[in-house]
Amino acid sequence: MAHGYTPGLRITDNTIIRKRRRLPLPGSVLVEAGQAVQAEDIVAATELPGNVVTVNIAHELNIPPEEVSRVVVVNEGDHVQAGDLLAEVKALWGIFHSTARSPVEGTVESISDVTGQVLLRGRPLPVQVKAYISGTVVEVFEDEGVTIECHGALVQGIIGLGRETYGELRCLVDAPTEVLTADLVDDDCAGKILVGGSLVTYDTLQAAVAAGASGIVCGGINDTDIDRFLGYPLGVAITGQEDKPLTLVITEGFGRIPMSDRAFGLLRDHEGQRASMNGATQIRAGVIRPEVIVSHQASVSRQAEPLQEPQLAAGQLIRLIREPYFGLLATIVELPEELQMIETESKVRVLKARLEDGRQVVVPRANVELIEV
Amino acid sequence: MVSDDVNVILATDCGSTTTKAILIEKVGDEYRLVVRGEAPTTVEAPYEDVTIGVLNACAEVQELSGRQILEDGALLRPADGRRGVDIYLSTSSAGGGLQIMVVGLVRRMTAESAQRAALGAGAIVMDVLALDDGRLPHQRIERLRELRPDMILLSGGVDGGEQRRVVGMAELVAAANPQARLGAKYKLPVIFAGNVDVRPQIEAVLGSVAELTIVDNLRPTMDRENLGPARAAIQELFLRHVMAQAPGYSKLITWTDADIMPTPAAVGSLIQTVAEDQGINVVGVDIGGATTDVFSVFDGVFNRTVSANLGMSYSVSQVLAETGLDNIVRWVSEQVDRATLGNRIRNKMIRPTTIPQQLEELKVEHALAREALRLAFEQHKLLATGLKGVQQVRDIADAFDQTRAGEESLVDMMALDLLIGSGGVLSHAPRRSQAAMMLIDAFLPEGITDLAVDSIFMMPQLGVLAEVYPQVAAEVFQRDCLVRLGTCIAPVGHMRPGRSCVEVSVKETGQTVSVSAGEIALLKLEPEATYNITAVPARGLDVGAGLGQAVSRSIVGGVVGLIIDARGRPLVLPADEQQRLATVRRWQSALAAYPDLE
């Protein structure tokens with residue numbers, strides 16, 4: 001490709017972070033441009049139309065649908081309580097009568113003499129959008145939402161689970177190579193985002209849920225543990241809607257893989273500070289990576305690190321992301337131009353790299369990821 | 001006929017991740033592919049303009065071909081010597097393609113016809129709502145709300161038939177007031193293709209809440225489907241609404257000389273053209289990173305299905321979840337570390353652009369492809385059926401036939417003439433024999449079937465070209481797109497272990513080979529040369545002409561050769577691990593599929 005690029009994850013202590021916060025339906029924006037907001041402040045709100053319940057009047061009263069409008073005692077737009085009369089049929093001078101009553105509280109949305117149904121709509125459902133990051137409102141989209149901006153630290157993961165959450169960062173291990181075991185989780189983890197090293201196990205996830213932790217950030221997890229925690233096999237990497245009390249961000253991948261020194265160091269540097277976290281991941285069109293964000297105080301004025309297009313070059317630090325070297329770090333030695341045949345007999349573009357143990361290896365360029373230094 | 005003025009054709013396919021451009025030029029009397037270029041698709045932030053990716057892909061075409069096709073950030077037209085192009089066409093599946101929700105009355109009747117119409121138009125069907133879908137009305141409404149489709153196709157009732165329930169389903173749609181996926185403020189397009197008698201009521205119920213389009217009933221009578229008008233409406237709305245909302249498409253639409261087609265619709269159109277032109281039955285498959293599309297034309301009836309979550313990278317974990325580790329490992333000729341295989345497959349999902357570096361990894365990837373293809377084809381066979389709910393006159397011979405009318409699949413592997421594979425894992429397999437084996441193991445062709453792969457995945461561009469210049473598309477398809485792998489002869493019937501199943505002779509070379517039950521063999525033939533072959537099956541076995549009947553016909557040689565597959569149908573692998581390993585090695589060695597098995 002003429003305009004190829006090497007994908008990588010962003011791990012930076014100081015960057016400008018912008019988050020667009022939009023409502024699913026038009027509603028009210030509750031903040032103004034230039035206003036400072038905290039991560040958990042509500043910035044926009046609306047109401048989703050309530051759930052719809054159908055009452056088949058024709059069926060209940062045993063009459064043809066076209067007679068329904070004659071027997072209903074309510075009008076479209078009326079508010080009804082559960083148990084209120086909707087329709088009534090009297091027979092034999094009123095000696096016998098059958099009734100249809102509302103099963104729920106709501107508003108009469110429509111009365112159809114084609115289907116013989118009355119549609120009742122329940123109470124509207126409130127929807128609120130939080131700021132998610134502490135910062136400043138820099139853009140307002142009328143009736144739709146806002147953009148919040150802050151200077152902050154950002155750690156992107158490779159895959160996550162669960163929704164947006166907040167909490168104080170707490171490191172439970174001393175090194176990125178250490179496994180986050182269940183016995184490290186204590187009562188003091190409640191409401192916090194826990195930082196582990198190379199692996200988080202199913203037992204640890206359960207212990208963290210029991211302790212009331214908000215989230216966990218760790219280098220790796222075994223596929224069987226993630227499936228067990230979810231209760232079903234993770235088939236497609238589109239996550240974020242899981243109904244779990246704990247949000248999870250995995251920074252490196254599946255298996256036991258030490259978290260990169262840079263990510264671990266950065267999270268440890270911010271231990272004790274409040275962070276925002278989101279497990280939502282989408283690894284196809286419209287890539288979304290899970291993330292942990294620590295907003296810097298507004299008073300701290302620092303020059304943001306420039307965002308650079310990653311380019312492969314000799315001397316750069318890379319992570320190898322495919323067998324037989326999966327998870328290992330290396331330094332690029334050479335980038336030969338010509339295609340080379342690899343063991344599978346495919347002709348691909350390769351690079352030569354030196355592993356941390358000194359070995360020099362040749363790997364397809366597609367199988368490396370740049371590490372920001 | 002193609003106008004004499006059309007000598008240079010540029011076509012792009014804007015995929016979710018990559019935009020691919022091809023350049024076709026008239027050389028003498030023939031149209032030929034000149035070069036292909038590609039660049040990342042730029043629908044997403046930070047670019048949010050599909051035309052940037054298109055121009056980048058065209059820039060690569062320009063660089064590789066030496067023909068100047070861009071000037072001041074626009075396409076240079078018409079062609080003049082070594083500058084410019086005469087026409088430009090495009091397909092698109094960027095941004096997740098075309099996503100449709102289907103609503104009908106009965107799941108296996110009108111709803112199924114509607115599903116076929118949507119799939120044929122190139123859509124991904126997000127869900128099918130019907131009276132017998134086992135859901136309560138409020139659950140259907142919740143589903144409509146949460147999915148946010150690009151459009152809804154509403155069907156139900158034959159003309160002059162059911163009215164009340166059709167309107168009832170429309171009322172559900174209105175009550176849900178679903179929002180479109182792209183663009184928060186525009187009305188969701190809804191197509192009504194049901195009973196003509198309820199059009200006024202549908203208008204009254206949906207007219208104000210949706211962008212309503214009414215077309216002819218897609219199931220006017222129980223025994224007839226009329227999918228054309230609904231398909232046309234879907235593609236028209238795709239262009240007018242969905243594409244218009246996607247970043248940069250309003251500009252791209254003004255560049256193209258024909259409507260932009262959804263990618264799968266273009267591939268389907270090409271496969272239909274090929275089947276029609278040659279009067280053959282065709283199955284085509286496109287296995288991508290996220291989805292697998294299967295197309296079939298049997299006796300002129302076209303069907304398409306898309307398995308939205310079966311693919312080789314983004315969706316590879318779903319293949320594992322659906323088929324299980326054992327079914328994947330069974331195709332690999334060496335012991336696989338099962339403990340780590342799950343993690344390896346998941347790591348491919350989260351790093352989808354990586355490629356196998358070791359031979360064992362390649363074999364695992366090919367095993368996954370076999371299972372993804374097999375599962376996608378199973379799903380296809382379930383939908384590619386006759387019309388259900390049709391009364392049929394049955395005679396005494398049918399009395400013990402348990403198959404219900406319309407239940408049987410239209411897919412008849414014995415009648416299949418050509419099987420075409422497309423998608424990275426098939427088109428870019430290091431050895432063509434690997435692609436041939438993947439296709440045979442997954443689709444299990446019967447009798448005599450030609451095998452081919454799409455050389456560089458240009459079927460989408462040729463599909464949209466076929467809409468304007470079918471002759472040119474057919475020419476380039478035959479000469480530059482299709483790589484003929486060869487022909488597979490697979491006898492079917494009761495096989496006795498160790499006994500010869502079929503004897504195949506090639507007149508021109510004098511070769512004769514006899515293949516025993518449980519074995520597979522290869523005869524090398526000169527690619528593109530024509531040969532007359534005779535296949536004589538053993539008693540009780542069929543290669544297409546009936547039990548024990550010989551078949552003589554001509555075939556065209558392919559890059560792999562003539563494959564004689566006497567392994568039986570269905571294909572059963574030994575349960576014993578050591579025997580299985582030995583069997584898989586023997587089969588893969590017979591086709592010299594891998595360097596360690598030659």
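What's counted below: heavy atoms across the whole structure, side chains too, no hydrogens, waters or symmetry copies. Residue numbering restarts at 1 for every chain, and letters A, B, ... go by the order of the sequence lines.
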**Prompt:** So B/R351 and A/I158, side-chain contact (heavy atoms from CB on, under 4.5 Å) or not? Walk me through it.
**Reply:** CA-CA 8 Å; B/R351 291 190 165 94; A/I158 189 89; 3.7 Å; yes
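If you check the side chains of A/T115 and B/E171, you find a donor sitting under 3.5 Å from an acceptor.
Residue B/N343 comes nearest to A/I221 through the heavy atom pair OD1-O, 4.1 Å, listed as atom of the first residue, atom of the second, then distance. Closest approach of B/G168 to A/Q117, counting heavy atoms only: CA-NE2, 4.4 Å. Between B/P430 and A/S346, the shortest heavy-atom contact is CG-OG, 3.3 Å.
Contacts between B/Q357 and chain A at a heavy-atom distance below 4.5 Å involve backbone atoms as well as side-chain atoms. With a 4.5 angstrom heavy-atom cutoff, B/K348 touches chain A only via side-chain atoms. Looking at A/T54, the atoms closer than 4.5 Å to chain B (heavy atoms on both sides) all sit in the side chain, from C-beta outward. At a 4.5 Å heavy-atom cutoff, the contact between A/V348 and chain B is made by side-chain atoms alone. Heavy atoms closer than 4.5 Å to chain B are found nowhere in A/Y232, neither backbone nor side chain. Interface remark: B/P356 contributes backbone and side-chain atoms alike to the contact with chain A (heavy atom separation under 4.5 Å). The contact between A/P324 and chain B is made by backbone and side chain atoms together, counting heavy-atom distances below 4.5 Å. Both the backbone and the side chain of A/V114 come within less than 4.5 Å of a heavy atom of chain B. Contacts between B/E365 and chain A at a heavy-atom distance below 4.5 Å involve the side chain alone, from C-beta outward.
Taking CG of A/N367 as the start and CD of B/E361 as the end, the distance is 8.5 Å to the nearest 0.5 Å. In this structure, the separation between CG on B/D596 and CD on A/E343 is 8.5 Å, given to the nearest 0.5 Å. Interatomic distance, B/I350 CD1 to A/I321 CD1, rounded to the nearest 0.5 Å: 9.0 Å. A/T344 OG1 to B/R431 CZ: the interatomic distance, rounded to the nearest 0.5 Å, is 10.5 Å. Atom CG of B/N347 is separated from atom CZ of A/R322 by 9.0 Å, given to the nearest 0.5 angstrom. Taking CE from B/M349 and CG from A/L234, the interatomic distance works out to 4.5 Å, rounded to the nearest 0.5 Å.
The 12-atom threshold is exceeded at CG of B/D337, counting heavy atoms of other residues, nucleotides or ligands nearer than 6.0 Å. Atom NE2 of A/H59 has 12 or fewer heavy atoms from other residues, nucleotides or ligands within 6.0 Å. Taking a 6.0 Å sphere around CZ of B/R338, one finds it holds more than 12 heavy atoms contributed by other residues, nucleotides or ligands. With a 6.0 Å radius and a threshold of 12 heavy atoms from other residues, nucleotides or ligands, B/R199 has its CZ atom above the threshold.
Among B/G53, B/A175, B/A321, the residue making the largest number of heavy-atom pairs under 4.5 Å with chain A is B/A175. Note on B/I141, B/I355, B/V167, B/V198: by heavy-atom pairs under 4.5 Å with chain A, the leading option is B/I355.
Counting only heavy atoms from C-beta outward, the side chains of A/D227 and B/R346 approach each other to under 4.5 Å. Looking at heavy atoms from C-beta onward, B/E360 lies out of side-chain contact with A/E323 at the 4.5 angstrom threshold.
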